[in-house]
Structure formats: structure tokens, C-alpha cells
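The block underneath contains the structure these notes are about, expressed in C-alpha cells.
This structure is a prediction, so every number in the text was calculated from the model and none was measured. Numbers here simply count residues along the sequence, with the first being 1.
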Amino acid sequence: MLYISVHENKAVGYVQGMNELISILYYTFSQGCTAEFEIYAESDTYYCFNNLIEELRDHYSSKMESPEWGMHSTIKQIQNIIARADEEYWGFLESNKATLHLYALRWIMLLLSQDLAFDQVLRLWDSILGDSERFLFFKYLIAQYVLEAKKDVIGKEFYMFIKKIQSIPATLDSVSYTHLT
């Protein structure tokens, strides 16, 4: 499925980690279905994966190098959310050159599929894909992860606070959204 998708979508091509995305979709379509629908798991996965990549295309294409597009744009939006919620903390992160590029690229490109427990990934993706705003919620979630690391980050050496920010909780239940309200 991934091989065919990559060859049909040459503008994006293959990016490391796409297998994570497609495997979650395949698991979802292949679990708990009757034999009658089991035969459609691969085609449903392929269709949904292509639609997901189409929505995230700019994150995976060479345009992601441009500050107005793709990954840079998403990171800038998340940075703005963090700065609005806690200017002092964002100032600390900026002054220490701890930009989201250092710790959030994997979160964004893989939609937290490697960072959360599997059942939590399914829960998160259900929330993301079921929402018409899709990735707005996700951007706020990423911002909240960074904001919640504040108490463990301020006053630490650079490598220690980057390590702390990168170690997000394995469950969505532990995230407090009080910073963002």
C-alpha cells in the first residue's frame, strides 16, 4: 500500500515514519470486522492514508523548507499558541534556542503515533479525524505538552530541559488544558 501510494503521489514521495501512519489505519480497519468487510481493510486503509497525506502534504513535501508553508507554518502556529498562553516561558525557550524544531517535528509528522500508548493514539486520531478543524485541536495539544513541561524545564541545563520536553506523557488523560483557556 505504501509503495503504491508513494509512486502515485510523487510530490510527497516517501518520508520516514509514513509506515507508522498507515499501520494505525490498517489496524483500525482490520480489527473487529466480519469476513464480509475484512476484504476491504487494505483498500479502505489505502484510501484513508492517501486522504490523510493529502491533508498533511505540505508537512512532507519540499515546501516544508519554506517559512510560509507546511511544517514551518505549523510550528509557527504552535509557537504563537505557547507565546499567547505564557509569554515568559516562551521567552525562556526562545532565549535558549529551544525551538519546536528540536523536539516537536516527530510529534507533528507522526501525529504522536510513537509517543502515546496505542489506545491513546487511536483516541487522539479519532478526535482529530472526526473534527472539521482537524489539526487545530492537535496544535493546541502539542502546545499544551510544551506548556506542561514548564515546571520541570525552567532553570535546567539545555540538554536536560529538551529531554524533559521530549518525554511527553503516554496518556491523554494526564494533560491539563488550563493553560489554554
Are the side chains of [X] and [Y] in touch, meaning some heavy atoms are under 4.5 Å apart?
| X | Y | result |
| --- | --- | --- |
| H101 | M71 | no |
| W107 | V146 | yes |
| S127 | F138 | no |
| L112 | V121 | no |
| T99 | Q79 | yes |

Should we say atom [atom1] of [X] is surrounded by more than 12 heavy atoms from elsewhere, each under 6.0 Å from it?
| X | atom1 | value |
| --- | --- | --- |
| F158 | CZ | yes |
| K163 | NZ | no |
| F118 | CZ | yes |
| E87 | CD | no |

I'd like to know if the side chain of [X] and the backbone of [Y] have a donor-acceptor N/O pair within less than 3.5 Å.
| X | Y | value |
| --- | --- | --- |
| W125 | L111 | yes |
| N96 | A98 | no |
| Y140 | I78 | no |

Shared hydrophobic cluster, [X] / [Y] (ILVMFWY, side-chain heavy atoms < 4.5 Å):
| X | Y | result |
| --- | --- | --- |
| L100 | F92 | yes |
| F135 | I75 | yes |
| Y145 | L105 | yes |
| F37 | Y47 | no |
| L25 | L110 | no |

Between atom [atom1] of [X] and atom [atom2] of [Y], what is the distance when rounded to the nearest 0.5 Å?
| X | Y | atom1 | atom2 | answer |
| --- | --- | --- | --- | --- |
| E55 | I128 | CD | CD1 | 10.5 Å |
| I165 | L93 | CD1 | CG | 5.0 Å |
| L141 | L124 | CG | CG | 6.0 Å |
| S30 | Y40 | OG | OH | 16.0 Å |
| W90 | E94 | CH2 | CD | 5.5 Å |
| L147 | D86 | CG | CG | 6.5 Å |

Legend entry - Residue pair L102 / K97: nearest heavy atoms and the distance that separates them: CD1-O, 3.3 Å
Legend entry - Contact summary for Y26 and A41, nearest pair of heavy atoms: CE1-CB, 4.0 Å
Legend entry - Donor-acceptor pair between S73 and Q77 side chains, under 3.5 angstrom: yes
